Amino acid sequence: MHSELVDTLRCLSVHEESWLVVAADETDGRHIMRGLLGCPVCHARYPIEHGIADFSGGARVPVALDTGSVPPGEAAAVKLAAMLDLTDPSGYVILVGEWARLGAALREIVPVMALAVNPHPDAIIGGGVSGLTTLDRIPVAASSARGIAFAPPGATDEQPLELSAALGAVRPGGRVVAGIDVTATDDVAVVARDGEHWVATRTSGAPMIRLVRGRA
Ligand SMILES: [Zn+2]
């Protein structure tokens, strides 16, 4: 977990949105490879091991997904950079599942920060690619990511990360990329499609989560 992305992480518990504090036991450059994230509101703890923060309560370790639709390599990374409209390195992008395998190659093209969510075990974590595991939500500030490459969960997944829930992390107008095996939802506007992938922007169709801080 890159120290810059720690500010973007949010506690998953039901209370007012809270950032997390981090205690690092082992670092590699600016990446926290082993440590502990803690919520100052509810005292929930999220351990970091091998650079990957665990927001799944230990339920999800990086596992292989068998969709096989994303061949890793430079050409695939170039295509991903184009689909995500990465013309500059600002902000961060979310790479779900096997898209995370392209994180390191993507950063060779555009040095954008990448957050690998439920990363494929082959994904290289570090060097600007952060990792976390989670269940049905991505524990980041609402509308904070500039784009997302989404991959479907496994068929036997009991608390799958659905596209509509994942989109809450993406800013309105941000890019959304997925394989054609993923059904586009009402909260995206598809702008391009080929035999393998579709590219969309997040629309404001999804209800925004409102945080109420006391009485108005
Ligand atoms: Zn909390």
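If you read the sequence from its start, that first residue is 1, and numbering goes on from there. As a basis for the values below, the full set of heavy atoms in this structure was taken, side chains included, without hydrogen atoms, waters or symmetry mates. Just so it is clear, the model here is predicted, and its values are computed rather than measured. Order of listing sets the numbers, starting from 1, for every ligand and every atom in it.
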Drop me the distance from D54's CG to E49's CD, to the nearest 0.5 angstrom.
9.0 Å
CD1-CG distance between I32 and D25, expressed to the nearest 0.5 angstrom
10.0 Å
Quick one: give me the number of protein N/O/S atoms under 2.8 Å from the Zn ion (ligand 1).
4
Just to verify, which of T134, T133, D157 counts as forming a side chain to side chain donor-acceptor pair (under 3.5 Å) with R60?
D157
Atom pairs and distances, side-chain donor-acceptor, residues 33-48, under 3.5 Å, sequence neighbours left out:
unit_1, atom_1, unit_2, atom_2, d
R34, NE, E26, OE1, 3.4
Y46, OH, L12, N, 3.1

Rounding to 0.5 Å, atoms OG (S56) and CG (D136) come to a distance of 11.0 Å
After noting the C-alpha distance and the side-chain angles of M1 and L9, does the key distance pass the side chain to side chain contact (heavy atoms under 4.5 Å, CB included) rule?
CA-CA 10 Å; M1 181 60 62; L9 299 174; 3.9 Å; yes
